[in-house]
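In what follows, a structure is listed as structure tokens, so that the remarks can point back to it.
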Amino acid sequence: MSTHDQNPYEIVKKLLSESVEQLGLDESIYHILKKPMRVMEVSIPIRKEDGSVENYTGYRSQHLDVLGPCKGGIRFHPSVTLDEVKALSIWMSLKSAIIELPLGGGKGGVIVNPEDLNQRDLEELSRSYIRKITPVIGPEKDIPAPDMNTTPEIMAWMIDEYDKLRGYNIPGLITGKPIIIGGSEGRLDATGRGVVIHIREAANALNIDLSRATAALQGFGNVGSATAKFLHESGVKVVAVTDVSGGIYKEEGLNIPALLEFIGEGNVIADFKECESISNEEMFALPVDILIPAALENQITSETAPSIQAKIVAEAANGPTTPEGNRILEEKGTFIIPDILCNAGGVTVSYFEWVQNTMNYYWKEERVNKELEEKMIAAFKRVYEMKENKGCEMRQAAYMVGIRHLVLALQARGWIQNGDLSKL
């Protein structure tokens, strides 16, 4: 496969172009949507505890703010690229539009392996990054959140730095914060909870009984572990889990509560007892009902897709399936719950957190989960109806639902003057 196919920005642009065409819209819509409205690259030199100076590169991409302020996570990872951050910001715009949140798409990243930094240096990097992007963020402009390798603790350092610069508390600047300083109940589990709600809705559509279903999971970070917990509670038998340390398999089903406790004590997946070892390739090929990629991009490819037997692929990660991998799955008739729908629980509860910050009144977890469930079910229904109406697959349908919502906002603001949009 060419590297061009693997570039997430090229992938998202192609999907935007195809979806605009399928909706019968003018090509000018594609040209509005294909580029982020603002991209910032920053140099982040920090003096480390050992006295050395290291200069890191950071990014913030803001895609479109016609619906409201931009919103999206900050990731710390050695493979962060400008094109990845641009693509992720576009996905965030579409995600918010599909859920019908009054938010646009943003995304940030720093090229760093956080494991190479001690706690003091990680804090210095976090504070320095937020200082550098301060001119373009704010609760009415762009609201960051946690993403890969960033935590509520890191969000707390960032908001503290921003508040110091401004001279007063601004809790609505960042979501995914610790609850004590304005975070929301239910935020930590929100993405995983949303994934399982979508799996349940897909299972209903396909007449699959979840109490008799099996699942395999790639990735056991915050999203993967929460997904496993809620699947287990739904009666699904999780038979395999893999992560960077390795993989485990048990045909009768893994003891998920024991595994969560084991990982919570600082252990790694590969050391969990009374299981067989399994590789990523073997895990993808298991005859399970549900496969959940919850790790990095580009995992389901022309190499791994042919062996996948799952009836449902639920994309808990962003961009886990390459175009070639997607084509192979679609030809098999696999039901794909695309990332911009499947993992939207996180941004939805981030929106609830921002709302609570704005009115300075905080909800109980039961309300958060109830409102999340309503938003996820409505979004799944919108995408599924588009799929049925247009006779397309779920990914194309999700893009079309998101684009339709953005186009109606663009028209209302006068950006689009001509053309009959009534067919939307």
Side-chain angles (χ1 to χ4, degrees), residues 60 62 65 67-76 92 95-96 99 101-110 114 119 122-194 221-223 226 343-376:
R60 187 71 187 173
Q62 297 166 341
D65 61 357
L67 292 170
C70 295
K71 178 91 194 71
I74 296 165
R75 58 176 52 185
F76 286 179
M92 286 302 300
K95 208 177 285 189
S96 293
I99 309 298
L101 304 177
L103 298 169
K107 208 72 177 186
V110 178
Q119 187 81 345
L122 182 62
E123 179 175 351
E124 182 57 34
L125 178 66
S126 304
R127 289 177 180 274
S128 296
Y129 171 73
I130 214 72
R131 284 198 300 271
K132 290 298 177 80
I133 67 165
T134 285
V136 299
I137 61 172
E140 293 88 24
K141 287 200 286 190
D142 182 7
I143 308 144
D147 197 82
M148 199 180 295
N149 294 331
T150 54
T151 60
E153 181 181 33
I154 289 173
M155 295 304 108
W157 294 332
M158 289 182 175
I159 199 163
D160 183 63
E161 194 65 26
Y162 188 88
D163 288 350
K164 280 184 190 172
L165 292 167
R166 290 292 182 257
Y168 57 96
N169 282 3
I170 309 173
L173 166 76
I174 279 179
T175 59
K177 308 177 291 296
I179 287 171
I180 190 69
I181 55 170
S184 176
E185 298 277 0
R187 173 63 185 87
L188 206 57
D189 285 344
T191 307
R193 189 181 290 277
N222 174 39
V223 176
N343 65 31
V347 69
T348 303
V349 176
S350 271
Y351 164 64
F352 297 159
E353 181 177 331
W354 177 66
V355 167
Q356 293 168 76
N357 294 154
T358 303
M359 61 185 181
N360 205 21
Y361 178 81
Y362 292 85
W363 304 349
K364 290 186 169 63
E365 188 172 357
E366 291 79 8
R367 178 177 175 185
V368 172
N369 293 340
K370 178 175 174 289
E371 301 251 4
L372 171 66
E373 178 125 358
E374 286 176 10
K375 289 276 191 195
M376 295 297 96

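Values reported hereafter were calculated over all heavy atoms of this structure, with side chains retained and with hydrogens, waters and symmetry mates removed.
Here CG of Asp160 is found 11.0 Å from CH2 of Trp157. Values are rounded to the nearest 0.5 Å. Note that OG1 of Thr150 is 9.5 Å distant from CD1 of Ile174, once rounded to the nearest 0.5 Å. One distance of note links OG1 of Thr348 with CG of Leu101; it measures 5.0 Å at 0.5 Å rounding. Atom OG1 of Thr151 sits about 13.5 Å away from atom NZ of Lys177, to the nearest 0.5 Å. In this structure, CG on Leu173 lies 6.0 Å from CD1 on Ile130, to the nearest 0.5 angstrom. Here the OH atom belonging to Tyr351 is positioned 7.0 Å from the CG atom belonging to Leu103, to the nearest 0.5 angstrom.
Between Met376 and Ile99, the closest side-chain pair of non-hydrogen atoms falls below 4.5 Å. The shortest distance between side-chain heavy atoms of Pro114 and Leu122 falls below 4.5 Å.
Judged purely by atom type and a 3.5 angstrom limit, Gln62 uses its side chain to pair as donor or acceptor with the backbone of Val136. Put simply, the side chain of Asp189 never gets that close to the backbone of Ala226: no donor and acceptor are under 3.5 Å apart. A side-chain donor-acceptor contact under 3.5 Å links Asn357 to the backbone of Gly182. With hydrogens and angles ignored, the 3.5 Å screen pairs a side-chain donor or acceptor of Asn149 with a backbone N or O of Phe76. With hydrogens and angles ignored, the 3.5 Å screen pairs a side-chain donor or acceptor of Glu353 with a backbone N or O of Gly176.
Shown here for Ile181 and Pro171, the closest heavy-atom pair between the two residues is O-CB, 4.4 Å. Taking both residues in full, the closest heavy atoms of Gly346 and Thr191 are given as CA-OG1, 3.2 Å, listed atom of the first, atom of the second, then distance. Residues Ser350 and Ala145 share a closest heavy-atom pair of OG-CB, 4.2 Å. The two residues Pro146 and Arg187 have their closest heavy-atom pair at CD-NH2, 4.3 Å. Taking every heavy atom of both residues into account, Pro69 and Pro139 meet most closely at CG-O, 3.9 Å. Gly172 and Ile143 make their closest contact through O-CG2, 3.5 Å (heavy atoms, listed as atom of the first residue, atom of the second, distance).
The salt bridge (Lys or Arg N to Asp or Glu O under 4.0 Å) search around Glu140 returns none, not counting sequence neighbours. Here Lys107 pairs with Asp147 under the salt bridge (Lys or Arg N to Asp or Glu O under 4.0 Å) rule; sequence neighbours left out. By the ring pair (Phe, Tyr, Trp, His ring centres under 6.0 Å) test, Phe352 pairs with Trp363, sequence neighbours left out.
Just one residue in the list Glu366, Glu373, Glu374 forms a salt bridge (Lys or Arg N to Asp or Glu O under 4.0 Å) with Lys370, and that residue is Glu374. Results of the side-chain contact (heavy atoms from CB on, under 4.5 Å) test with Thr175 over Gln356, Met155, Lys71 single out Lys71 as the only residue that passes.
In this structure, Arg127 forms no cation-pi arrangement with Tyr129, as its terminal cationic atom is not both closer than 6.0 Å to the ring centre and no more than 45° off the ring axis.
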Next item on the list: Please assess Ile179 against Ser184 for the test side-chain contact (heavy atoms from CB on, under 4.5 Å), listing each intermediate value before the final yes or no.
Entry: CA-CA 6 Å; Ile179 287 171; Ser184 176; over 6 Å; no
Next item on the list: Could you go through the side-chain contact (heavy atoms from CB on, under 4.5 Å) check for Asn343 and Lys95 one step at a time?
Entry: CA-CA 9 Å; Asn343 65 31; Lys95 208 177 285 189; 2.6 Å; yes
Next item on the list: Apply side-chain contact (heavy atoms from CB on, under 4.5 Å) to the pair Leu188 and Asn222, showing each step before the final yes or no.
Entry: CA-CA 7 Å; Leu188 206 57; Asn222 174 39; 3.9 Å; yes
Next item on the list: Using the salt bridge (charged side-chain N to carboxylate O under 4.0 Å, His left out) rule, take Lys375 and Glu371 through it: C-alpha gap first, then chi angles, then the decisive distance, then the call.
Entry: CA-CA 6 Å; Lys375 289 276 191 195; Glu371 301 251 4; over 6 Å; no
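Asp142 has a carboxylate O that lies under 4.0 Å from a charged side-chain N of Arg60, or vice versa, which qualifies the two as a salt bridge.
Side-chain atoms of Glu153 and Gln119 include a donor-acceptor pair closer than 3.5 Å. Side chains of Arg131 and Thr134: no donor on one and acceptor on the other come within 3.5 Å.
Heavy atoms of other residues, nucleotides or ligands lying less than 6.0 angstrom from CD1 of Ile180 number 12 at most.
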